[in-house]
S.K.: 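Pasting a structure here, questions to come.
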Protein chains: 2
Amino acid sequence: MRADAQRNYDRIVSAASEAIARDGAEASLEAIARSAGVGSATLHRHFPSRWSLMEAVFAERVDCLFDRAEELRDAPEPLDALVRWLREVAAYATTTRGLAAALLNGPPEESSTCQAHLIAAGDSLVRRAVEAGAVRGDVATADLLTLVNAISLAAQQAGPEEAERLVTLMLEGVLVRQG
Amino acid sequence: MRADAQRNYDRIVSAASEAIARDGAEASLEAIARSAGVGSATLHRHFPSRWSLMEAVFAERVDCLFDRAEELRDAPEPLDALVRWLREVAAYATTTRGLAAALLNGPPEESSTCQAHLIAAGDSLVRRAVEAGAVRGDVATADLLTLVNAISLAAQQAGPEEAERLVTLMLEGVLVRQG
DNA sequence: CCCTAAGTGGGGTGGTACCCCATTTTGATG
DNA sequence: CATCAAAATGGGGTACCACCCCACTTAGGG
């Protein structure tokens, strides 16, 4: 990749990051190109679809969550580690407007990179929690992340604390515990 | 309301219903007006915002769920009634593309009519289930509906059976039951 | 230094939401 | 039944969007 192409790529991702934080997942690509000081054609060549741009923007965030999962993997309390990580995922998805929407509503193939990365990160935490007897064995990491993302999407206008409350409710369950 | 205005109103809602079922919540208003045999200005006068049209389209469905709740209110098993009703809500929201999105992502005031109607419908079922000792007392009907809608939205591309699975998971909880 | 291939962005196309206003239609009244 | 003012209508206009074509520019290896 030529140096100028790389420079423009970075500028676009940076501008898109700001625009999405401000306007959500439906931010105008034209405006992003403009604020990056780049023609719209350049943006569309680097990122053929809206989702590919999303993915580039969120890759950094997802990497961060991935690293966080590795940190928590050796925490003393497996359940605590998992719950804490899921809360961080929810917080990221709720505050970074559009992340949840991108992960859930994006075309299957195109949003799978982020999704797969996140699932890989969460998997070890889930497995440890299951082995510790704190989490049901028939729970898939993908399900957990889908639910957390769904909640984040639903609570986007209510705020992060509402999302956290709903995540807790989901983990504990609605039905009374009958042993 | 004049007779012709009423006729056009009905035509628009009918066309919108089809379009949303086919194309989802982002269906083109212009196309809806066209297929209703009506100018776009007429559509925009009757429905100032996209959400107001959504509301009109979904009102029928929501009424149906409301009636269903009343039917189930006197069912012998309160928990069974509640679970069945929530599954029906999920099924409606998943199949009627856009219902979930409309209820969750719509502006607070504009989507509140549907939401309020649904909460009112579910409330009696939740209360009965709580009194029967089957559901936690600190669970709000609104939370339940938010979660069900969130799941529906998340499972929209996966299908109704996936949504049902996730609803069950949410109700039972992810953590192991420790009495 | 030069030349070629990669990269660029202005401008075009076709689509969208939403609004203005001249024209038509309705239905209550004389 | 004829009249007519108010209500309703929709064509056309504006502004914006995603996406694409293609003449021009620039990087960087020989």
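From a predicted model like this one, the values you see are computed outputs, not experimental measurements. Because only heavy atoms are used, hydrogens play no part in the values below, and waters and symmetry mates are left out as well, while side chains stay in. Protein chains get the first letters and strands the later ones, always in sequence-line order, with residue 1 at the start of each.
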S.K.: Is a donor from one side chain sitting under 3.5 angstrom from an acceptor on the other, for B/T141 and B/R127?
M.R.: no

S.K.: Hey, is the side chain of A/N8 poking within less than 4.0 Å of OP1 or OP2 on C/dG7, counting only N and O atoms?
M.R.: no

S.K.: Could you tell me how far apart A/L29 (CG) and C/dT16 (P) are, to the nearest whole angstrom?
M.R.: 17 Å

S.K.: In this structure, how many angstroms lie between the P atom of C/dT16 and the CG atom of B/D23, rounded?
M.R.: 10 Å

S.K.: Contact boundaries of DNA chain D with chain B (under 4.0 Å, heavy atoms), 5' to 3'?
M.R.: D/dA6 to D/dG12

S.K.: Is B/Q6 atom CD crowded by more than 12 heavy atoms from other residues, nucleotides or ligands, each under 6.0 Å away?
M.R.: yes

S.K.: Is the phosphate of C/dG7 approached by A/H46 (side-chain N or O, under 4.0 Å from OP1 or OP2)?
M.R.: no

S.K.: Between the side chain of A/S17 and the main-chain N/O of A/V13, is any donor-acceptor distance below 3.5 Å?
M.R.: no

S.K.: Would you mind classifying the nucleic acid contact of B/A5 as base, sugar-phosphate or nothing, using non-hydrogen atoms under 4.0 angstrom?
M.R.: sugar-phosphate

S.K.: Counting only N and O atoms by type, is there a donor-acceptor contact under 3.5 Å from the side chain of B/S14 to the main-chain atoms of B/D10?
M.R.: no

S.K.: Atom CG of B/L43 to atom P of C/dC18: distance rounded to whole Å?
M.R.: 9 Å

S.K.: Once you apply a heavy-atom cut-off of 4.0 Å, does B/R50 come out as touching a base, just sugar-phosphate, or nothing?
M.R.: sugar-phosphate

S.K.: What integer distance in Å separates A/I12:CD1 from C/dT8:C1'?
M.R.: 11 Å

S.K.: Can you tell me how the ring of A/Y9 sits relative to the ring of A/H46, calling it parallel under 30°, perpendicular over 60° and tilted otherwise?
M.R.: perpendicular

S.K.: Specify the residues of residues 14-21 of chain B, ordered by number, for which at least one heavy atom lies under 4.0 angstrom from an atom of DNA chain D.
M.R.: none

S.K.: NA contact type, B/S28, heavy-atom cut-off 4.0 Å: base, sugar-phosphate, or nothing?
M.R.: sugar-phosphate

S.K.: I need the minimum non-hydrogen distance between A/S124 and A/R73, along with the two atoms involved.
M.R.: OG-CD, 3.4 Å

S.K.: Using whole Å, what does the distance between atom C1' of nucleotide C/dG10 and atom CZ of A/R34 come to?
M.R.: 14 Å

S.K.: Of A/G37 and B/S40, whose closest DNA chain C nucleotide lies nearer the 5' terminus?
M.R.: A/G37

S.K.: Please check: side-chain N/O of A/R61 versus main-chain N/O of A/A93, any donor-acceptor pairing under 3.5 Å?
M.R.: no

S.K.: Relative to the 5' end of DNA chain C, which residue comes earlier, B/A41 or B/R7, by the nucleotide with the nearest heavy atom?
M.R.: B/A41

S.K.: Under the 3.5 angstrom rule, does the side chain of A/W85 hit a backbone N or O of A/L65 as a donor-acceptor pair?
M.R.: yes

S.K.: Taking CH2 from B/W51 and C1' from C/dC18, how many angstroms apart are they, rounded to a whole number?
M.R.: 17 Å

S.K.: Give the rounded distance in Å between these two atoms: CG of A/D4 and C1' of C/dG7.
M.R.: 6 Å

S.K.: Starting at CZ of A/R45 and ending at C1' of C/dG7, how long is that distance when rounded to a whole Å?
M.R.: 6 Å

S.K.: Does CD belonging to B/E161 count more than 12 external heavy atoms closer than 6.0 Å?
M.R.: yes

S.K.: Please list, chain by chain and in numerical order, all residues satisfying side-chain hydrogen bond (donor to acceptor under 3.5 Å, both in side chains) with B/H44, sequence neighbours excluded.
M.R.: none

S.K.: Applying a 4.0 Å non-hydrogen cut-off, can you work out what B/A33 is touching in the nucleic acid: base, sugar-phosphate, or nothing?
M.R.: nothing

S.K.: Given that B/E30 and A/H44 both sit by DNA chain D, which one's nearest nucleotide is further toward the 5' end?
M.R.: B/E30

